[in-house]
Amino acid sequence: MSCLMVERCGEISFDSPDQNAKCVRMLDTALSGEVGTKKKVKRLLSFQRYFHASRLLRGIVPQASLYLLDEDYLGQARHMLSKVGMWDFDIFLFDRLTNGNSLVTLLCHLFNVHGLIHHFQLDMVTLHRFFVMVQEDYHSQNPYHNAVHAADVTQAMHCYLREPKLANFLTPSDIMLGLLAAAAHDVDHPGVNQPFLIKTKHHLASLYQNVSVLENHHWRSTIGMLRESRLLAHLPKEVTQDIEQQLGSLILATDINRQNEFLIRLKSHLDNQDLRLEDAQDRHFMLQIALKCADICNPCRVWDLSKQWSERVCEEFYRQGDLEQKFELEISPLCNQQKDTVPSIQIGFMTYIVEPLFERWAQFTGNTPLSENMLNHLRRNKAKWRSLLHKQHSSSRSNDHSGQVTGSQEQTLNEEETP
């Protein structure tokens, strides 16, 4: 049985019926914050694609609505798209202007701008339906891992693909893979992290043997949607197989557990000056690095945007922590709202994860204006979080936090994705 089919038919397994019942209640709460519906539980357990596929098997063709912009907002959204390559692009505003359809609208625009529709002879209706499938497979109730995050990462990826050092060598296939991987890299994210899935014995943890559990699921879900939509059915089989495998390689690179692996390899290439972007393998590696940067670029955005993302990801962590506390599980690091403050989490994340990666990226690009701009935002934002942390300490001297990331927090930051 294929991984795709196993995912559709999987289930959570505990040692006792009571634990099974507790887990179902727990996962349900993770979605809605209270006892939810059976449908929501099945969505979290990755049954959504199964039900969608079963409709096709019964001969019911889903009608994907075309997300047309309201006339009042059309001009503003179009104006924003004309500046989609600017680093201060406000994805939250764009999402409001597109009535919550930022990912679909952005992808349609970028595929057109980059000439991918013509180059790959893509059917526009099929392409749009596929984009809708991807957007709808994100969970809107997640504070952070939702379709707006995917759109934000896609916009960042577009900016990176335009960096001269990379753009001069990219093929249409490279560009399409980069945009698709960015858009789908967190699809069907349950709003909880890998350690949570492992300790609750989720079927995905078992399926992928506790290795890159979420990333493997994002990749397999994307392949399922590509095949279901038949977007690439007109291309030779060997081409579609290569696209599927390269998508997997890109999405799997976003696993934060592999951060040091990629940094060491990038440092070696830069120190030895042996990157040959004429070589498809070296281009693919830099696409992996670009996607990793795009995925955690929030601290490099302007303060107003960066702060919103920071608060959103910490809210998602805190929800997991509350869930673990409610069901008498050990609270995961960074998920305890009483101990792990937003400033302390962000300072540690910037120090140990973001800065090392973006300093290397700037070295690769040759310190372009975009790279310098991102590093400047990163330094200013880190200083603001330090200032906020100092104010917190001043107002509550009984607080245990010192403003320094503890050894356990540092270890956790290398295990979790913490924008």
Side-chain angles (χ1 to χ4, degrees), residues 84-85 87 107 110-111 113-116 119-120 150 152-186 212 215 218-219 222 239 242-301 353-375 378 417 419:
V84 72
W87 189 245
L107 284 168
L110 292 180
F111 265 60
V113 165
H114 287 285
L116 301 177
H119 181 85
F120 291 99
D152 184 62
V153 173
T154 303
Q155 189 270 334
M157 190 65 166
H158 168 65
C159 292
Y160 299 157
L161 294 176
R162 298 172 69 231
E163 286 283 51
K165 185 69 175 290
L166 194 57
N168 292 335
F169 298 94
L170 293 177
T171 66
S173 293
D174 295 328
I175 296 172
M176 184 172 74
L177 282 166
L179 294 177
L180 285 179
H185 80 285
D186 272 333
S212 299
E215 292 76 21
H218 304 323
W219 169 38
T222 304
V239 173
D242 183 60
I243 288 173
E244 290 180 356
Q245 290 303 312
Q246 290 199 62
L247 274 177
S249 178
L250 289 171
I251 293 174
L252 288 172
T254 63
D255 184 352
I256 210 69
N257 286 310
R258 303 178 64 191
Q259 187 78 355
N260 287 337
E261 168 195 335
F262 279 96
L263 275 178
I264 291 171
R265 184 177 169 189
L266 178 60
K267 180 180 183 300
S268 176
H269 279 307
L270 294 174
D271 291 347
N272 297 326
Q273 299 183 358
D274 60 359
L275 274 173
R276 300 291 179 264
L277 296 181
E278 302 89 345
D279 186 329
Q281 288 186 338
D282 282 1
R283 284 202 311 278
H284 184 77
F285 173 68
M286 289 314 303
L287 282 177
Q288 290 176 310
I289 297 297
L291 181 57
K292 289 177 67 63
C293 288
D295 191 25
I296 62 171
C297 73
N298 301 150
C300 302
R301 297 282 193 179
I353 302 297
V354 183
E355 284 179 343
L357 179 61
F358 278 86
E359 286 170 356
R360 292 296 178 187
W361 176 258
Q363 185 181 347
F364 163 72
T365 62
N367 297 303
T368 60
L370 173 58
S371 291
E372 288 294 329
N373 192 22
M374 291 191 297
L375 286 175
L378 176 61
E417 180 179 354

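Put simply, the side chain of Asn168 gets close to the backbone of Pro164: a donor and an acceptor are under 3.5 Å apart. Side chain of Glu215 to backbone of Ala253: no donor-acceptor contact under 3.5 angstrom is found. No donor-acceptor distance shorter than 3.5 angstrom exists from the side chain of His269 to the backbone of Leu266, with no hydrogens or angles considered. Using modelled atom types, no side-chain atom of Asn373 and backbone atom of Pro369 make a donor-acceptor pair closer than 3.5 Å.
The structure places CG of Leu180 at 8.5 Å from OG1 of Thr222, a figure rounded to the nearest 0.5 Å. Once rounded to the nearest 0.5 Å, the distance linking CD of Glu372 with CE of Met374 reads 9.5 Å. Taken to the nearest 0.5 Å, the CG atom of Leu179 stands 5.0 Å off from the NE2 atom of His114. Taking CG of Leu275 as the start and OG of Ser268 as the end, the distance is 9.0 Å to the nearest 0.5 Å. Taking CG of Asn367 as the reference point, atom CD of Glu359 lies at 10.5 Å (rounded to 0.5 Å). Distance check: Leu170 CG to Leu161 CG gives 6.0 Å after rounding to the nearest 0.5 Å.
A search for ring-ring contact (aromatic ring centres under 6.0 Å, His included) contacts involving Tyr160 returns Trp87, Trp361, not counting sequence neighbours. Scanning for side-chain hydrogen bond (donor to acceptor under 3.5 Å, both in side chains) contacts around Lys267 gives Asp271, with sequence neighbours left out. Asp242 pairs by the side-chain contact (heavy atoms from CB on, under 4.5 Å) definition with Gln246, not counting sequence neighbours. With sequence neighbours left out, Ser173 forms a side-chain contact (heavy atoms from CB on, under 4.5 Å) with Phe120, Thr171. Shown here are the salt bridge (charged side-chain N to carboxylate O under 4.0 Å, His left out) partners of Glu244, two or more places apart in sequence or in another chain: Arg227. In terms of the side-chain contact (heavy atoms from CB on, under 4.5 Å) criterion, residue partners of Val113 (sequence neighbours excluded) are, by chain and number, His109. Not counting sequence neighbours, Phe358 has no partner by the ring-ring contact (aromatic ring centres under 6.0 Å, His included) test. Applying the side-chain contact (heavy atoms from CB on, under 4.5 Å) test to His119 and every residue at least two apart in sequence or in another chain returns Pro172. Under the rule for a salt bridge (charged side-chain N to carboxylate O under 4.0 Å, His left out), Glu163 has no partner lying at least two apart in sequence or in another chain. Taking the ring-ring contact (aromatic ring centres under 6.0 Å, His included) definition, one finds that Phe262 meets it with nothing, sequence neighbours left out. Residues forming a salt bridge (charged side-chain N to carboxylate O under 4.0 Å, His left out) with Glu261 (at least two apart in sequence, or on another chain): Arg258.
Taking all atoms of both residues into account, the shortest heavy-atom contact from Val84 to Cys159 is O-SG, 4.2 Å. Between Leu247 and Ala181, the shortest heavy-atom contact is CD2-N, 3.7 Å. Nearest heavy-atom pair, Met157 versus Leu287, reported as atom, atom and distance to 0.1 Å: CE-O, 3.8 Å. For the residue pair Ala184 and Ile251, the shortest heavy atom distance occurs at O-CD1, 4.2 Å. Looking at every heavy atom in both residues, Leu375 comes nearest to Ala362 through CD1-CB, 3.8 Å. Residues Ile353 and Gln259 share a closest heavy-atom pair of O-NE2, 3.5 Å.
At least one side-chain heavy atom of Val153 sits less than 4.5 Å from a side-chain heavy atom of Leu291. Counting only heavy atoms from C-beta outward, the side chains of Arg301 and Asp152 approach each other to under 4.5 Å.
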For this session: Start with the C-alpha distance between Leu107 and Thr154, add both sets of side-chain angles, then the distance that settles side chain to side chain contact (heavy atoms under 4.5 Å, CB included), and finish with yes or no.
Result: CA-CA 8 Å; Leu107 284 168; Thr154 303; 3.9 Å; yes
For this session: Would you sort out whether Trp219 and Leu250 count as a side chain to side chain contact (heavy atoms under 4.5 Å, CB included), showing the intermediate values?
Result: CA-CA 9 Å; Trp219 169 38; Leu250 289 171; over 6 Å; no
For this session: Dump the intermediate steps for side chain to side chain contact (heavy atoms under 4.5 Å, CB included) on Arg360 and Ile289, then the final yes or no.
Result: CA-CA 10 Å; Arg360 292 296 178 187; Ile289 297 297; over 6 Å; no
For this session: Before giving the answer on side chain to side chain contact (heavy atoms under 4.5 Å, CB included), spell out for Gln288 and Leu252 the whole-Å C-alpha distance, their side-chain angles and the decisive distance to 0.1 Å.
Result: CA-CA 9 Å; Gln288 290 176 310; Leu252 288 172; over 6 Å; no
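For residues 275-292, the salt bridge (charged side-chain N to carboxylate O under 4.0 Å, His left out) pairs, not counting sequence neighbours, are Asp174-Arg283.
Side-chain atoms of Ser212 and Asp255 include a donor-acceptor pair closer than 3.5 Å.
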